[in-house]
Amino acid sequence: MNYSKATDQKWQEEWKKNGLYKYNPNSEKPKYYTMEMFSYPSGAKLHLGHWFNFAPADSFARFKKMQGYNVFHPMGFDAFGLPAENYAIKTGIHPEDSTMKNIETMKRQLAEMGGSYDWDYSVQTCMPNYYKWTQWLFVKLYKAGLAYKKEAPVNWCDSCKTVLANEQVIDGCCERCGTVVVKKKLSQWFFKITDYAEELLNDLDKIDWPESTKKVQQNWIGRSTGSEVTFKTEDGKHDITVFTTRPDTLNGVTYVVLAPESSLVDEIMTEDRKKAVEEYRAETAKLTEIDRLSTERPKTGTFTGAYAINPLTGDKVPIWIADYVLEDYGTGFVMAVPAHDERDFAFASKYNLPIKRVINSKDGKEPELPYCEYGVLVNSGKYDGLTSEEAKEKITADLEAQGVGKKTVNYRLKDWLVSRQRYWGAPIPVIYCDDCGTVVVPEEDLPVKLPYDVEFKPDGVSPLKKSKEFMNCTCPKCGKPATREADTLDTFVCSSWYQLRYPDANNDKEIFNKETVNKMNPVDCYVGGKEHAAMHLIYTRFMTKALRDMGYLNFDEPFSKLIHQGLILGPDGNKMSKSKGNTVSPDEYVEKYGSDVFRMYLMFGFEYRKGGPWDDKGIEAMTKYFARVEALVQKLKEVEGNSTEISLAEEDLLRLKNQTIKAMAKNIEDFQFNTAIARSMELLNGINAYINGGKINKEVFTNCVETLLKVLAPLAPHFMEEEWHVLGKTSSIHNEAWPEINEKELQGGNIVIPVQVNGKLKAQVEVSSNLSKEEILEAVKKDEKVARLIENNEIVKEIYVPGKILNLVVKK
RNA sequence: GCUGAUGUGGCGAAAUUGGUAUACGCACAGCACUCAAAAUGCUGCGAGAAAUCAUGUGGGUUCGAGUCCCACCAUCAGCACCA
């Protein structure tokens, strides 16, 4: 076989030289914006997962180009983040140096893959010309009231003196030193994504995304309707407002629970309970949120000594704290109805708190407690006899009349915490002035540059705080000495808007040109991993909507269509990881077989959306397929042709050709590359069978081979370019249009009609494709086998699905 | 526990969305070429002697079910004291 890695290199150089993949922003053709989630340059190289994600997606982009679109298919790098910083702490290599080196390597590998990217439209989020605009966005969000500061807990390792990411906390301990991780409260920045909760939920209907991903987002947003109810403390000094989806059970409240860290606890707890409360709080601080939410752990809590008054009944109920109540979900306070809630029942049983039945089942029976279904109210005074549904309305209305309750919607979605106590990120553009307070950096002073020379080894102080040069500044308002915010932005902020930047990536004057951004967006097809279903994909939707409301964008959703590629597992069926030692490097395969064989094998051997365990058994078969294509092209060059007629053999071949074009277009559009390649193999087999028949119509033969090369061009770009030139063509195959379907040729020839009797396949009858139902019936009844089956029976029904099947229903 | 996905030959998988189940490959076997092997090409390849039976299992709807409905089993993934 002639195809090899050298073929790849030859054409990569050629394409680069003549700018084949230069994007033309002024093209008259309709735009098609498709991109893959940009890669994170943490490892030094592209891994198999990258290939499986990028190579088929690149083929898709090439296909859209052949279909006549002005395809915009950019690639960039999500370059800030924790791994580069950790690597730096371990090796002493500066994150900027390692990151830039990795990016260069990955770019080279993406070129070796044959990626049709125009690198003039690329972003690297760690470059000042990019993060300047990330910071600009922060400023805009702040001015729009969508960025604010509040206290929030972080994971703290007291031994390493550093804040830990959730990922660095293993079983509640620091991954580096094993010390128990505690919660520490810091003042941090948030984006008000909850303002958009309702729209983020509703607009899921507008987009062509996998249903499972939409469900993840629905759960993440977690809308629930219920009521807010305000309990007063016994002394009347404090309000305790709870959210409940079950106001019908309000008569059964026997205690109230607060999140242990709530500041209200300090104000209401009695002197004699202080010690117990503080001890309990210290225990709670050691727990991760995962622990606190774990169902495995026994429920614990302690009494605060204070009491609250049930606004409906006037009952005095004790106020407890318990770690299963989280400060940032709902109001941070919970009313407990042990008779009708599993968790409250377990808690009340453990601490001997009263359990009061207020709901019976609708058939009037007294079910075993806890009974969590809807039913009929009992022991509820004037509400007795109402159904749960009725009581919810009535009780909420009564509370509202007294000003101690109202109907409300609650979301699980929390505001987006964007502060990171890290070095390798975009500095938060905020200045603190003794006189003026919190001042955002004026737009004209951006970017706030991340200083290179900083001590980022963990020692209890945020890295940027140790740079006097960075920290000390003057207040933009009053000109007095001031200090900068030392935290950096979550990298999800950087990635929440990059698709808006690509079409205008080199614009120094503004974040993007308003006309360009609205012309190119939304992204028509976005491809990336399922693991981003919640975070990245919801943050980007939020940012799009926020920018729209500020008047910059005129669309609502960033990604019209979304595709998730599957995961390639290790040969052992487990997720590939260095620690498991089951990783597979794409490089050696590319070296040995060439990029096209490798990418074709990835597409043919695995379902794109599904992935599966790695297995290279079939890769040789792809090499074999390439050799057969080469042989066919060679044959076409050599053969003279000995016929000009269009007989049945030619008609059949031409029909196959048209079927192939049609099927492959549909398959590639749907990211079903495995079947697309199968169809191309069928065409190749068909052409081979034709030429082995002896009689060759050169024109038909040429037409079919050229078609085969064209439909394979997006899938095996280097190899097809080579074969195209072997045929004597001088221009690139990648400037060819996707072959057109000839309807006449598609309809020609004979068809085989499967014949069923009573739903069972009994015969196949070959007929001309343009016969009517009656004519076909007639032909079928002449068939020997069919005739025998219907001989002594009555035909009750004849069902004919044109071109597909004939079913005769017979009765004896 | 909840939610979602998946289940088809020895293997990867396909099936125009209710219309010939197993396309296209891998592996395997036989034949041709060869002194021989490799490579290549051709042929066969779900089970069964056959009638028939087969898409995780059991029902149902239909002229017709891998596909739709009900129940169940298995595997994988995500979420979870969410008030």
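These figures come from a predicted structure and were not determined experimentally. For the numbers below, each heavy atom of this structure counts, side chains included, while hydrogens, waters and symmetry mates do not. Numbered from 1 within each chain, the chains take letters A, B, ... in sequence-line order.
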Could you pull out the protein-nucleic contacts involving nucleotides 24-26 of chain B (nitrogen or oxygen on both sides, under 3.5 Å)?
residue: B/G25; atom: OP1; partner: A/N685; partner atom: ND2; Å: 2.7
residue: B/C26; atom: OP1; partner: A/K624; partner atom: NZ; Å: 3.3

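- Considering only the side chain of A/Q672, B/A15 comes nearest among B/A15, B/A83, B/G4.
- Among A/Y351, A/F333, A/F347, A/F303, the single residue meeting the ring-ring contact (aromatic ring centres under 6.0 Å, His included) criterion with A/Y255 is A/F347.
- For the P atoms, the distance linking B/U3 with B/A49 amounts to 47 Å, nearest Å.
- B/G58 and B/C42 are spaced 46 Å apart, taking the C1' atom of each and rounding to whole Å.
- Within the 4.0 angstrom heavy-atom criterion, no nucleotide atom of any strand lies near A/V216.
- Per the geometry, CD1 belonging to A/I319 stands 22 Å off P belonging to B/A83, to the nearest Å.
- A salt bridge between A/K635 and A/E638 is absent, with no side-chain N of the basic residue lying under 4.0 Å from a carboxylate O of the acidic one.
- The number of heavy atoms from other shown groups lying within 6.0 Å of NZ (A/K350) is above 12.
- Ring-centre distance between A/Y593 and A/F598: not below the 6.0 Å cut-off.
- Contacts of A/E798 with the nucleic acid, taken as non-hydrogen atoms under 4.0 Å apart, are absent.
- Following rounding to the nearest Å, A/Q218 (CD) and B/U3 (C1') show an atom-to-atom distance of 11 Å.
- At the heavy-atom level, A/K214 lies nowhere under 4.0 Å from the strands shown.
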N/O to N/O distances under 3.5 Å, protein versus nucleotides 61-66 of chain B:
residue: B/C63; atom: O2'; partner: A/N807; partner atom: ND2; Å: 3.4
residue: B/C63; atom: O2; partner: A/N807; partner atom: ND2; Å: 2.4

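- A/G605 comes within contact range of the sugar-phosphate backbone alone, with a heavy-atom separation under 4.0 Å but no base atom that close.
- Ion pairing between a basic and an acidic side chain is recognised when a charged N comes within 4.0 Å of a carboxylate O; A/R655 and A/E745 show no such pairing.
- B/U17 shows a glycosidic angle within 90° of 0 and is accordingly assigned syn.
- Note on A/K407 versus A/E393: salt bridge recorded, some NZ/NE/NH1/NH2 to OD/OE distance being below 4.0 Å.
- Contacts classified as salt bridge (Lys or Arg N to Asp or Glu O under 4.0 Å) and involving residues 672-682 of chain A (residues at least two apart or in different chains) are given here: A/R679-A/E682.
- When the P atom is compared between B/A71 and B/A83, the two are found 26 Å apart, to the nearest whole Å.
- Straight-line distance between the P atoms of B/G48 and B/U62: roughly 35 Å, to the nearest whole Å.
- Comparing the same atom, P, in B/A5 and in B/A54 gives a spacing of 28 Å after rounding to whole Å.
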